[in-house]
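So you know, we letter chains A, B, ... as the sequences are listed, proteins then strands, and number each from 1.
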2 protein chains.
Amino acid sequence: MTLTNNTFIGEYTYSLDSKGRVNIPSKFRQTLSTDNQNTFVITRGLDSCLWVYPLVQWKEIEENLRKLSSLSSIHRAFVRNTARYATPSTYDKQGRINLTPSLISYASLKKDVLIIGMVNKMEIWDPIQLEKADKKIEKINPEEYDALSDRIIL
Amino acid sequence: MTLTNNTFIGEYTYSLDSKGRVNIPSKFRQTLSTDNQNTFVITRGLDSCLWVYPLVQWKEIEENLRKLSSLSSIHRAFVRNTARYATPSTYDKQGRINLTPSLISYASLKKDVLIIGMVNKMEIWDPIQLEKADKKIEKINPEEYDALSDRIIL
DNA sequence: TAAGATTGTGGGTAGTTGTGGGTAAAATTC
DNA sequence: GAATTTTACCCACAACTACCCACAATCTTA
């Protein structure tokens with residue numbers, strides 16, 4: 001059953017094979033095909049994980065990058081660092097995407113891989129890395145976390 | 001697989017051969033051929049790298065240069081430095097472009113060469129030069145960099 | 001519960017891509 | 001105008017990638 005367009009939620013475990021392929025949760029594939037879309041952009045996340053955007057989502061980011069000026073060195077660096085690691089990819093007939101060696105090593109991916117829905121994108125994690133990141137967050141800024149609670153009604 | 005017209009993202013490693021030829025990532029070639037275009041304009045980048053524009057993009061730059069006044073010495077210098085090093089080029093049947101000795105030496109290119117998609121253009125880098133440039137940016141204005149992160153939602 | 005459909009995982013193969021070098025045309029020099 | 005250098009075009013081949021098929025495990029449905 002499909003949720004709505006471009007909404008990713010849930011957690012799924014898959015295995016990365018010897019060719020660097022990972023399965024995409026079938027629910028996510030359905031979500032995407034409603035939009036006649038099987039193209040993603042995979043890139044480095046801000047934690048040690050990968051971010052996978054559906055093309056429409058990525059296009060929005062790109063539009064914002066286009067507005068930055070090549071005359072500013074900061075702007076150039078920002079565009080470069082954002083665009084540099086972005087890799088377009090489609091899923092194959094079996095529903096898998098290819099990860100480049102560079103992306104695999106960035107996220108320290110081994111055999112078992114966690115895919116997490118992040119509403120507008122998915123994250124690909126090594127289970128151990130995710131655990132580490134979780135523990136780190138627990139320690140710092142519980143106040144900031146609470147502040148978010150005010151902005152978002154659950 | 002093609003993204004859309006004139007969008008360049010990702011990082012690719014190629015080798016500069018003895019004749020001064022570098023491969024263009026096949027994804028970029030597809031992007032360009034959608035426009036029935038295999039003509040680039042290569043010029044000096046503002047960092048120590050080369051900028052490669054598809055012809056359409058370059059035409060836009062030219063239009064903007066036309067608007068600058070020759071009465072202003074700053075404007076004159078800007079137009080001169082932008083136009084001066086621009087070299088039109090096409091890729092051969094194998095998908096390679098020729099770099100002139102002048103361009104090669106400007107970017108300090110050796111054997112290994114990095115091509116980076118910058119959304120509206122590509123950059124050609126020597127890996128060591130890029131590393132240097134990265135470190136430089138880290139030092140100056142982290143606040144400005146963070147401000148950009150707020151403007152662009154990833 | 002059995003049969004059928006869907007999903008996840010592995011591997012083989014044909015086509016594409018990256019890199020080197022050869023040759024003929026064009027440009028440059030003497 | 002001949003000789004030499006430079007450039008553009010072509011071919012060859014190795015490495016890699018995308019696509020295809022197979023099959024086991026799981027879920028669905030009657």
What is the distance, to the nearest angstrom, from the [atom1] atom on [X] to the [atom2] atom on [N]?
X: B:Tyr91; N: D:dC10; atom1: OH; atom2: C1'; value: 17 Å
X: B:Tyr12; N: D:dC16; atom1: OH; atom2: P; value: 17 Å
X: A:Asp112; N: C:dG8; atom1: CG; atom2: P; value: 14 Å
X: B:Asp17; N: C:dG21; atom1: CG; atom2: P; value: 9 Å
X: A:Leu99; N: D:dT17; atom1: CG; atom2: P; value: 13 Å
X: B:Lys93; N: D:dC9; atom1: NZ; atom2: P; value: 10 Å
X: A:Asn23; N: D:dA24; atom1: CG; atom2: C1'; value: 14 Å
X: A:Lys27; N: C:dT6; atom1: NZ; atom2: C1'; value: 14 Å

Checklist entry - Start at the 5' end of DNA chain C and walk down; is the nucleotide closest to A:Ser18 or to A:Ile24 reached first? => result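 Between the two, 5'-proximity favours A:Ile24.
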Next on the checklist: When you compare the side chains of A:Ser73 and B:Lys136, does any donor N or O come within less than 3.5 Å of an acceptor on the partner?
Outcome noted: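 No, B:Lys136 and A:Ser73 have no side-chain donor paired with an acceptor closer than 3.5 Å.
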Checklist entry - A:Thr87 and A:Arg44: side-chain donor and acceptor closer than 3.5 Å? => result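 Note: A:Thr87 and A:Arg44 side chains miss the donor-acceptor criterion.
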Item to check | B:Ser26 side chain, from C-beta outward: closest of C:dG20, C:dG8, C:dT17 | outcome: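 Side chain of B:Ser26 sits closest to C:dT17.
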Item to check | Closest listed nucleotide, where the reference is the side chain of B:Gln94 and the choices are C:dG18, C:dG8, D:dC11 | outcome: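 Selected nucleotide: D:dC11.
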Next on the checklist: Between the base of C:dG22 and the side chain of B:Lys19, is there a donor and acceptor pair under 3.5 angstrom?
Outcome noted: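 Side chain to base: pair found, below 3.5 Å.
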Checklist entry - Can you find a donor-acceptor pair, distance only, under 3.5 Å between B:Arg21 side chain and C:dG18 base? => result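 Result: no qualifying N/O pair found.
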Counting only side-chain N and O atoms of [X], is one of them less than 4.0 Å from OP1 or OP2 of [N]?
X: A:Arg29; N: C:dG8; value: yes
X: B:Lys111; N: C:dG20; value: yes
X: A:Asn98; N: D:dT17; value: no

Checklist entry - Quick one: do B:Tyr12 and B:Ile104 end up in the same hydrophobic cluster if we chain Ile, Leu, Val, Met, Phe, Trp and Tyr together by side-chain heavy atoms under 4.5 Å apart? => result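 Looking at the clustering, B:Ile104 is in the same group as B:Tyr12.
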Checklist entry - Considering residues at least two apart in sequence or located in another chain, which fulfil the side chain to side chain contact (heavy atoms under 4.5 Å, CB included) criterion with B:Leu65? => result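 B:Ile61, B:Leu68, B:Phe78, B:Val79, B:Thr82.
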Item to check | Residues A:Arg76, B:Asp47: salt bridge by 4.0 Å N-O rule | outcome: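 Yes, this pair counts.
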Next on the checklist: With nearest nucleotide decided by heavy atoms, which residue, A:Asp92 or B:Arg96, maps closer to the 5′ end of DNA chain D?
Outcome noted: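 Result of the comparison: B:Arg96.
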